[in-house]
Amino acid sequence: MRNHDRDPLLDQRAALILLFGVLTAIGAGVLTVLNDGTLAAAGLAGGGAFAASVYFFHKLIR
């Protein structure tokens, strides 16, 4: 009988795509703050960059 307790929560592809999304969001947020933006603007820029990059990397990585 197979033990299902050790199945990963995310596969490697999904983890890689989400990692790239988070790194892109952090980069966009930092660049926004360095360009004299507010933290709220950085959060919005990071959120938009995260959504766009997850979609982009989902289509790119097969």
Side-chain angles (χ1 to χ4, degrees):
M1 182 174 230
R2 186 172 175 205
N3 187 1
H4 292 289
D5 292 338
R6 296 212 161 219
D7 288 339
L9 183 61
L10 293 173
D11 62 342
Q12 290 179 348
R13 179 180 174 270
L16 185 67
I17 290 170
L18 291 175
L19 173 68
F20 286 161
V22 168
L23 292 175
T24 304
I26 290 171
V30 167
L31 288 174
T32 302
V33 169
L34 290 177
N35 196 28
D36 295 330
T38 63
L39 288 179
L44 288 173
F50 175 80
S53 66
V54 165
Y55 179 75
F56 172 75
F57 288 118
H58 171 69
K59 294 294 183 183
L60 182 69
I61 300 172
R62 296 261 174 190

Using residues 39-54 as the side-chain source, report each donor-acceptor pair under 3.5 Å to any protein atom, sequence neighbours left out, with the distance given to one decimal.
{"from": "S53", "atom 1": "OG", "to": "A49", "atom 2": "O", "distance (Å)": "2.9"}
{"from": "S53", "atom 1": "OG", "to": "F50", "atom 2": "O", "distance (Å)": "3.1"}

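- The side-chain hydrogen bond (donor to acceptor under 3.5 Å, both in side chains) pairs that include a residue from residues 13-33 are R13-H58, where partners are two or more places apart or lie in different chains.
- Identified under the ring pair (Phe, Tyr, Trp, His ring centres under 6.0 Å) test for residues 22-42, with sequence neighbours left out: none.
- Applying the ring pair (Phe, Tyr, Trp, His ring centres under 6.0 Å) test to pairs two or more places apart or on separate chains, none has a residue in residues 27-48.
- Here the CG-OH distance, from L60 to Y55, works out to 12.0 Å after rounding to the nearest 0.5 Å.
- Partners of L10 according to the side-chain contact (heavy atoms from CB on, under 4.5 Å) rule, which considers only residues two or more places apart in sequence or in another chain, are A14, L18.
- With sequence neighbours excluded, no residue satisfies side-chain contact (heavy atoms from CB on, under 4.5 Å) with L31.
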